[in-house]
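Source: prediction; values computed, not measured.
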Amino acid sequence: MDKSYLFFDIECANCFGGVGKMCSFGYVVVDENFTVLDSDDVVMNPETEFDWYLFNPKKGCMLAYSKDYFRMQHNFESYHAGIKKLMEAPGRRIVGFSSANDVGFLVSACERYNLPDINYACYDICAIVEQANGGIHKKLDEWCDFYGVSLAGLRKHKSVDDAMMTMLLTKAFCEKTATPIEALLEKNKGVKLSVEKYLEQREVSRHNKEVMEKISALYGKKARAVLSNRLKGSYAFAFKVKNDIDESLRLATLVFKHGGILMKSLKKDGTLIVEDSCSAEALDGMHKKGLKTITISDFCELVRME
(Lines give C-alpha, C1' and ligand atoms only; values in the text may rest on other atoms or scores of the structure.)
Protein backbone atom coordinates (compact mmCIF):
# COMPACT_ATOMS: atom_id res chain seq x y z
CA MET A 1 0.00 0.00 0.00
CA ASP A 2 1.43 3.38 -1.02
CA LYS A 3 1.91 5.77 1.87
CA SER A 4 0.89 9.41 1.74
CA TYR A 5 1.63 12.24 4.13
CA LEU A 6 -0.91 14.79 5.30
CA PHE A 7 0.22 18.05 6.86
CA PHE A 8 -2.48 20.08 8.55
CA ASP A 9 -3.21 23.17 10.58
CA ILE A 10 -6.29 24.47 12.38
CA GLU A 11 -7.42 27.99 13.24
CA CYS A 12 -10.00 28.69 15.94
CA ALA A 13 -12.35 31.59 16.53
CA ASN A 14 -11.64 31.40 20.26
CA CYS A 15 -10.47 29.03 22.94
CA PHE A 16 -12.69 30.30 25.74
CA GLY A 17 -13.14 27.77 28.52
CA GLY A 18 -10.15 25.85 27.21
CA VAL A 19 -12.12 24.63 24.19
CA GLY A 20 -11.06 25.63 20.68
CA LYS A 21 -13.89 26.42 18.25
CA MET A 22 -12.61 25.63 14.76
CA CYS A 23 -13.06 28.07 11.92
CA SER A 24 -10.66 26.51 9.37
CA PHE A 25 -8.90 23.25 8.64
CA GLY A 26 -6.08 23.46 6.12
CA TYR A 27 -4.19 20.49 4.73
CA VAL A 28 -1.60 19.43 2.17
CA VAL A 29 -1.18 15.81 1.06
CA VAL A 30 2.11 14.70 -0.52
CA ASP A 31 3.80 11.48 -1.56
CA GLU A 32 7.17 10.24 -0.27
CA ASN A 33 8.94 12.66 -2.66
CA PHE A 34 6.93 15.64 -1.34
CA THR A 35 4.95 15.95 -4.56
CA VAL A 36 1.68 17.70 -3.67
CA LEU A 37 -1.29 15.42 -4.34
CA ASP A 38 -4.07 17.44 -2.73
CA SER A 39 -4.50 20.67 -0.80
CA ASP A 40 -7.39 22.76 0.50
CA ASP A 41 -8.48 25.26 3.12
CA VAL A 42 -11.74 24.07 4.65
CA VAL A 43 -13.30 27.24 6.04
CA MET A 44 -16.24 26.87 8.40
CA ASN A 45 -18.63 28.81 10.57
CA PRO A 46 -17.45 28.44 14.19
CA GLU A 47 -20.91 29.41 15.46
CA THR A 48 -19.39 31.48 18.22
CA GLU A 49 -17.80 34.87 18.74
CA PHE A 50 -14.28 35.60 17.55
CA ASP A 51 -11.59 36.53 20.03
CA TRP A 52 -10.88 40.22 19.55
CA TYR A 53 -7.16 39.92 18.83
CA LEU A 54 -7.68 37.73 15.74
CA PHE A 55 -8.61 40.80 13.71
CA ASN A 56 -6.16 43.22 15.30
CA PRO A 57 -3.22 43.92 12.92
CA LYS A 58 -1.00 44.84 15.86
CA LYS A 59 -1.23 41.35 17.39
CA GLY A 60 0.24 39.47 14.43
CA CYS A 61 -2.46 36.77 14.52
CA MET A 62 -4.77 38.08 11.83
CA LEU A 63 -7.06 35.45 10.38
CA ALA A 64 -7.08 35.11 6.60
CA TYR A 65 -10.79 35.78 6.09
CA SER A 66 -13.35 38.24 7.39
CA LYS A 67 -15.85 37.43 10.12
CA ASP A 68 -18.65 37.65 7.56
CA TYR A 69 -16.92 35.15 5.27
CA PHE A 70 -16.51 32.66 8.09
CA ARG A 71 -20.16 33.04 9.08
CA MET A 72 -21.33 32.42 5.51
CA GLN A 73 -19.86 28.89 5.60
CA HIS A 74 -21.30 25.62 6.87
CA ASN A 75 -20.36 24.49 10.37
CA PHE A 76 -17.93 21.71 11.35
CA GLU A 77 -20.68 19.09 11.24
CA SER A 78 -20.94 19.54 7.48
CA TYR A 79 -17.23 18.79 6.98
CA HIS A 80 -16.77 16.10 9.63
CA ALA A 81 -17.21 13.10 7.33
CA GLY A 82 -14.80 14.48 4.74
CA ILE A 83 -12.11 15.33 7.30
CA LYS A 84 -12.53 11.93 8.96
CA LYS A 85 -12.10 10.13 5.63
CA LEU A 86 -9.10 12.30 4.79
CA MET A 87 -7.28 11.62 8.05
CA GLU A 88 -8.17 7.96 8.44
CA ALA A 89 -7.23 7.01 4.87
CA PRO A 90 -5.21 3.76 4.60
CA GLY A 91 -1.46 4.33 4.49
CA ARG A 92 -1.85 7.90 5.67
CA ARG A 93 0.80 9.54 7.87
CA ILE A 94 -0.16 12.82 9.54
CA VAL A 95 2.22 15.60 10.56
CA GLY A 96 1.58 18.87 12.36
CA PHE A 97 3.53 21.65 14.02
CA SER A 98 3.02 21.85 17.81
CA SER A 99 0.34 19.34 16.97
CA ALA A 100 -1.05 18.68 20.47
CA ASN A 101 -3.20 21.81 20.20
CA ASP A 102 -4.56 20.83 16.80
CA VAL A 103 -5.32 17.28 17.97
CA GLY A 104 -7.24 18.82 20.85
CA PHE A 105 -9.17 21.16 18.54
CA LEU A 106 -10.45 18.26 16.45
CA VAL A 107 -11.40 16.26 19.54
CA SER A 108 -13.28 19.25 20.95
CA ALA A 109 -15.08 19.85 17.66
CA CYS A 110 -16.30 16.25 17.52
CA GLU A 111 -17.49 16.46 21.12
CA ARG A 112 -19.11 19.84 20.59
CA TYR A 113 -21.26 18.51 17.73
CA ASN A 114 -21.70 15.04 19.26
CA LEU A 115 -19.94 13.37 16.34
CA PRO A 116 -17.71 10.25 16.22
CA ASP A 117 -14.04 10.81 17.02
CA ILE A 118 -11.60 11.12 14.14
CA ASN A 119 -9.09 8.40 14.99
CA TYR A 120 -5.53 9.10 13.91
CA ALA A 121 -2.03 9.66 15.24
CA CYS A 122 -0.03 12.79 14.51
CA TYR A 123 3.73 13.35 14.37
CA ASP A 124 5.04 16.71 15.59
CA ILE A 125 7.75 18.18 13.33
CA CYS A 126 8.24 20.98 15.85
CA ALA A 127 9.43 18.52 18.49
CA ILE A 128 11.66 16.78 15.95
CA VAL A 129 13.51 19.93 14.84
CA GLU A 130 13.76 21.20 18.41
CA GLN A 131 15.38 17.95 19.54
CA ALA A 132 17.77 18.12 16.61
CA ASN A 133 18.83 21.64 17.58
CA GLY A 134 19.48 21.33 21.29
CA GLY A 135 15.94 22.02 22.45
CA ILE A 136 15.73 25.64 21.26
CA HIS A 137 12.24 26.98 20.60
CA LYS A 138 11.11 28.78 17.47
CA LYS A 139 7.83 29.53 15.73
CA LEU A 140 6.93 27.80 12.47
CA ASP A 141 8.02 30.68 10.23
CA GLU A 142 11.24 31.05 12.25
CA TRP A 143 12.14 27.39 11.74
CA CYS A 144 11.38 27.78 8.05
CA ASP A 145 13.78 30.71 7.90
CA PHE A 146 16.35 28.69 9.87
CA TYR A 147 16.24 25.92 7.23
CA GLY A 148 16.16 28.32 4.29
CA VAL A 149 12.54 27.70 3.31
CA SER A 150 11.01 30.40 1.13
CA LEU A 151 7.59 31.51 2.36
CA ALA A 152 6.85 33.68 -0.68
CA GLY A 153 3.11 33.77 -1.33
CA LEU A 154 2.24 32.12 1.99
CA ARG A 155 0.35 33.82 4.78
CA LYS A 156 0.65 33.01 8.48
CA HIS A 157 -2.56 31.94 10.21
CA LYS A 158 -4.16 30.84 6.97
CA SER A 159 -4.61 27.15 7.69
CA VAL A 160 -3.70 25.78 4.28
CA ASP A 161 -0.61 28.03 4.12
CA ASP A 162 0.51 27.00 7.61
CA ALA A 163 0.04 23.38 6.54
CA MET A 164 2.19 24.11 3.48
CA MET A 165 4.86 25.71 5.69
CA THR A 166 4.83 22.60 7.88
CA MET A 167 5.32 20.41 4.81
CA LEU A 168 8.13 22.59 3.43
CA LEU A 169 9.88 22.61 6.81
CA THR A 170 9.68 18.81 6.98
CA LYS A 171 10.98 18.54 3.42
CA ALA A 172 13.89 20.86 4.18
CA PHE A 173 14.74 18.94 7.35
CA CYS A 174 14.67 15.63 5.49
CA GLU A 175 16.99 17.05 2.83
CA LYS A 176 19.31 18.56 5.44
CA THR A 177 19.61 15.26 7.31
CA ALA A 178 19.50 13.07 4.18
CA THR A 179 16.59 11.16 5.70
CA PRO A 180 13.51 9.97 3.74
CA ILE A 181 10.30 11.12 5.38
CA GLU A 182 9.14 7.60 6.26
CA ALA A 183 12.46 6.87 7.97
CA LEU A 184 12.25 10.19 9.80
CA LEU A 185 8.82 9.40 11.21
CA GLU A 186 9.77 5.84 12.13
CA LYS A 187 12.76 7.21 14.01
CA ASN A 188 10.61 9.70 15.92
CA LYS A 189 7.66 7.65 17.11
CA GLY A 190 8.14 9.26 20.51
CA VAL A 191 6.68 12.54 19.24
CA LYS A 192 3.56 10.83 17.89
CA LEU A 193 0.29 11.71 19.62
CA SER A 194 -2.82 9.63 19.00
CA VAL A 195 -6.34 10.78 19.77
CA GLU A 196 -6.60 7.98 22.34
CA LYS A 197 -3.41 9.14 24.06
CA TYR A 198 -4.58 12.75 23.95
CA LEU A 199 -7.84 11.81 25.68
CA GLU A 200 -5.92 9.91 28.37
CA GLN A 201 -3.60 12.87 28.95
CA ARG A 202 -6.56 15.24 29.10
CA GLU A 203 -8.21 13.18 31.82
CA VAL A 204 -4.95 13.12 33.79
CA SER A 205 -4.68 16.91 33.45
CA ARG A 206 -8.28 17.39 34.59
CA HIS A 207 -7.70 15.11 37.57
CA ASN A 208 -4.48 16.90 38.50
CA LYS A 209 -6.18 20.29 38.27
CA GLU A 210 -8.99 19.17 40.57
CA VAL A 211 -6.54 17.74 43.11
CA MET A 212 -4.35 20.86 42.97
CA GLU A 213 -7.41 22.99 43.72
CA LYS A 214 -8.11 20.84 46.79
CA ILE A 215 -4.52 21.25 47.99
CA SER A 216 -4.59 25.01 47.35
CA ALA A 217 -7.77 25.29 49.42
CA LEU A 218 -5.83 23.99 52.45
CA TYR A 219 -2.98 26.52 52.32
CA GLY A 220 -2.92 28.70 55.41
CA LYS A 221 -6.01 27.03 56.88
CA LYS A 222 -6.32 25.60 60.40
CA ALA A 223 -8.99 22.99 61.11
CA ARG A 224 -11.57 23.86 63.74
CA ALA A 225 -12.15 20.23 64.64
CA VAL A 226 -9.01 18.10 64.44
CA LEU A 227 -8.42 14.37 64.69
CA SER A 228 -5.42 15.05 66.94
CA ASN A 229 -2.99 17.78 67.93
CA ARG A 230 0.09 15.80 66.96
CA LEU A 231 1.21 18.46 64.50
CA LYS A 232 2.17 21.95 65.62
CA GLY A 233 3.00 25.00 63.52
CA SER A 234 3.52 25.34 59.80
CA TYR A 235 4.39 22.66 57.25
CA ALA A 236 5.37 22.78 53.60
CA PHE A 237 6.48 20.32 50.96
CA ALA A 238 10.16 20.28 50.01
CA PHE A 239 9.37 18.49 46.74
CA LYS A 240 7.30 19.21 43.66
CA VAL A 241 3.66 18.54 44.47
CA LYS A 242 2.91 17.62 40.83
CA ASN A 243 5.37 14.72 40.89
CA ASP A 244 2.82 12.67 42.84
CA ILE A 245 -0.22 14.84 43.23
CA ASP A 246 -2.48 12.24 44.87
CA GLU A 247 0.13 11.50 47.54
CA SER A 248 0.58 15.24 48.04
CA LEU A 249 -3.15 15.65 48.68
CA ARG A 250 -3.09 12.80 51.19
CA LEU A 251 -0.23 14.42 53.08
CA ALA A 252 -1.81 17.87 52.90
CA THR A 253 -5.04 16.48 54.35
CA LEU A 254 -3.13 14.81 57.18
CA VAL A 255 -1.41 18.11 58.05
CA PHE A 256 -4.80 19.82 58.18
CA LYS A 257 -6.60 17.10 60.15
CA HIS A 258 -3.88 16.76 62.77
CA GLY A 259 -3.55 20.40 63.76
CA GLY A 260 -0.86 21.71 61.42
CA ILE A 261 -1.06 24.55 58.91
CA LEU A 262 -0.01 23.83 55.34
CA MET A 263 1.93 26.60 53.60
CA LYS A 264 3.11 26.97 50.00
CA SER A 265 6.61 27.68 51.24
CA LEU A 266 8.54 28.43 54.42
CA LYS A 267 11.19 31.10 54.83
CA LYS A 268 12.44 30.33 58.33
CA ASP A 269 10.15 28.82 60.96
CA GLY A 270 8.34 25.56 60.29
CA THR A 271 8.82 21.99 59.14
CA LEU A 272 9.54 20.80 55.63
CA ILE A 273 8.17 17.42 54.59
CA VAL A 274 10.93 15.81 52.54
CA GLU A 275 11.10 12.70 50.42
CA ASP A 276 12.68 9.67 52.07
CA SER A 277 15.44 9.78 49.45
CA CYS A 278 16.35 13.41 50.19
CA SER A 279 20.14 13.77 50.31
CA ALA A 280 22.08 14.69 53.45
CA GLU A 281 23.44 17.74 51.63
CA ALA A 282 19.95 19.01 50.82
CA LEU A 283 18.79 18.40 54.40
CA ASP A 284 21.80 20.30 55.74
CA GLY A 285 20.90 23.27 53.54
CA MET A 286 17.37 23.35 54.92
CA HIS A 287 18.58 23.11 58.50
CA LYS A 288 20.98 26.02 57.97
CA LYS A 289 17.95 28.15 57.09
CA GLY A 290 16.46 27.33 60.49
CA LEU A 291 13.89 24.90 59.13
CA LYS A 292 13.07 21.52 60.60
CA THR A 293 12.59 18.51 58.35
CA ILE A 294 10.67 15.28 58.51
CA THR A 295 10.62 12.47 55.97
CA ILE A 296 7.34 11.29 54.50
CA SER A 297 7.71 7.94 56.28
CA ASP A 298 8.35 9.58 59.67
CA PHE A 299 5.52 12.03 59.09
CA CYS A 300 3.06 9.22 58.38
CA GLU A 301 4.27 7.35 61.44
CA LEU A 302 3.83 10.46 63.58
CA VAL A 303 0.19 10.98 62.65
CA ARG A 304 -0.53 7.27 63.24
CA MET A 305 0.92 7.26 66.76
CA GLU A 306 -1.40 6.55 69.67
Side-chain angles (χ1 to χ4, degrees), residues 12 14-21 48-49 51-53 98 100-101 103-105 107-108 111-112 127 135 137 193 195-306:
C12 290
N14 71 60
C15 291
F16 301 154
V19 177
K21 291 83 173 179
T48 187
E49 62 183 299
D51 211 333
W52 66 272
Y53 74 88
S98 293
N101 288 334
V103 172
F105 295 152
V107 169
S108 296
E111 292 176 342
R112 186 180 175 208
H137 301 289
L193 178 62
V195 170
E196 181 180 7
K197 186 175 180 181
Y198 170 83
L199 291 170
E200 291 175 357
Q201 291 178 348
R202 187 179 67 174
E203 287 309 306
V204 170
S205 295
R206 286 178 175 175
H207 171 75
N208 289 350
K209 182 180 178 182
E210 291 175 1
V211 174
M212 185 58 72
E213 288 173 352
K214 293 178 181 178
I215 293 173
S216 297
L218 295 175
Y219 287 135
K221 302 290 178 61
K222 186 173 179 62
R224 293 184 179 180
V226 296
L227 294 179
S228 76
N229 286 298
R230 296 181 190 130
L231 303 181
K232 303 291 184 182
S234 301
Y235 290 78
F237 298 128
F239 52 86
K240 291 183 179 180
V241 170
K242 291 182 179 180
N243 287 352
D244 190 340
I245 199 162
D246 291 310
E247 172 70 353
S248 297
L249 175 60
R250 186 180 75 86
L251 296 173
T253 304
L254 288 172
V255 170
F256 181 72
K257 289 184 175 180
H258 290 277
I261 299 176
L262 183 70
M263 306 297 291
K264 286 185 178 181
S265 62
L266 298 174
K267 292 186 177 179
K268 47 182 181 177
D269 298 326
T271 302
L272 290 172
I273 302 173
V274 303
E275 293 176 300
D276 291 2
S277 59
C278 188
S279 69
E281 183 181 1
L283 290 171
D284 186 54
M286 298 174 201
H287 297 155
K288 286 180 178 179
K289 293 179 181 179
L291 297 169
K292 293 178 286 186
T293 60
I294 185 170
T295 64
I296 293 175
S297 294
D298 288 343
F299 173 85
C300 292
E301 186 63 29
L302 176 63
V303 297
R304 280 199 298 263
M305 289 172 57
E306 291 298 333

For the student: nearest non-hydrogen atoms of Gly220 and Met263, plus distance: CA-SD, 4.0 Å

Heavy atoms of other groups near Glu196 CD, more than 12 under 6.0 Å: no

Least distance between heavy atoms, Cys15 atom then Gly20 atom: SG-CA, 3.8 Å

Nearest-0.5 Å distance, CD1 of residue Ile245 to CD of residue Glu210: 10.0 Å

Within residues 200-255 or reaching into it, pairs that qualify as ring-ring contact (aromatic ring centres under 6.0 Å, His included) - sequence neighbours excluded: Phe237-Phe239

For Met286 against Thr293, the heavy-atom pair lying closest together: SD-CG2, 3.7 Å

Residue pair Glu111 / Val19, side-chain heavy-atom distance below 4.5 Å: no

Test item: Leu302 and Ile294 side chains (from C-beta on) under 4.5 Å apart, heavy atoms: yes

Trace of the side-chain contact (heavy atoms from CB on, under 4.5 Å) decision for Leu272 with Lys289: CA-CA 11 Å; Leu272 290 172; Lys289 293 179 181 179; over 6 Å; no

N-O pairing of Arg206 and Glu203 below 4.0 Å: yes

Value rounded to 0.5 Å, distance of OG in Ser205 from CD in Glu200: 12.0 Å

Val211 vs Val241, side-chain contact (heavy atoms from CB on, under 4.5 Å): CA-CA, chis, key distance, verdict: CA-CA 10 Å; Val211 174; Val241 170; over 6 Å; no

Under 3.5 Å donor-acceptor, Lys268 side chain and Leu291 backbone: no

Note, Cys300 side chain near Arg250 side chain (heavy atom, < 4.5 Å): yes

Residue among Val274, Leu251, Asp244 satisfying side-chain contact (heavy atoms from CB on, under 4.5 Å) with Ile296: Leu251

Considering all heavy atoms, the nearest Leu266-Ala236 contact: CG-CB, 3.7 Å

Side-chain touch Leu254/Leu231, heavy atoms, less than 4.5 angstrom: no

Asn208 side-chain N/O to Lys242 backbone N/O, donor-acceptor pair under 3.5 Å: no

Phe299 side, atom CZ; Ile273 side, atom CD1 - distance, nearest 0.5 Å: 4.5 Å

From Thr295 atom OG1 to Glu275 atom CD, the distance as rounded to the nearest 0.5 Å: 11.0 Å

Rounded distance (nearest 0.5 Å) linking atom OG of Ser108 with atom CZ of Arg202: 6.0 Å

Ser234 side, atom OG; Lys264 side, atom NZ - distance, nearest 0.5 Å: 14.5 Å

Asp284/Lys288 under salt bridge (charged side-chain N to carboxylate O under 4.0 Å, His left out): CA gap, chis, key distance, verdict: CA-CA 6 Å; Asp284 186 54; Lys288 286 180 178 179; 3.4 Å; yes

Atom of Asn229, atom of Val226 and distance for their closest heavy-atom approach: OD1-CG2, 3.7 Å

Side chain to side chain, Val303 and Leu227, heavy atoms closer than 4.5 Å: no

Over all atoms of both residues, closest heavy-atom pair of Arg112 and Thr48: NH2-CB, 4.0 Å

Side-chain heavy-atom pair Glu49, Lys21 within 4.5 angstrom cut-off: no

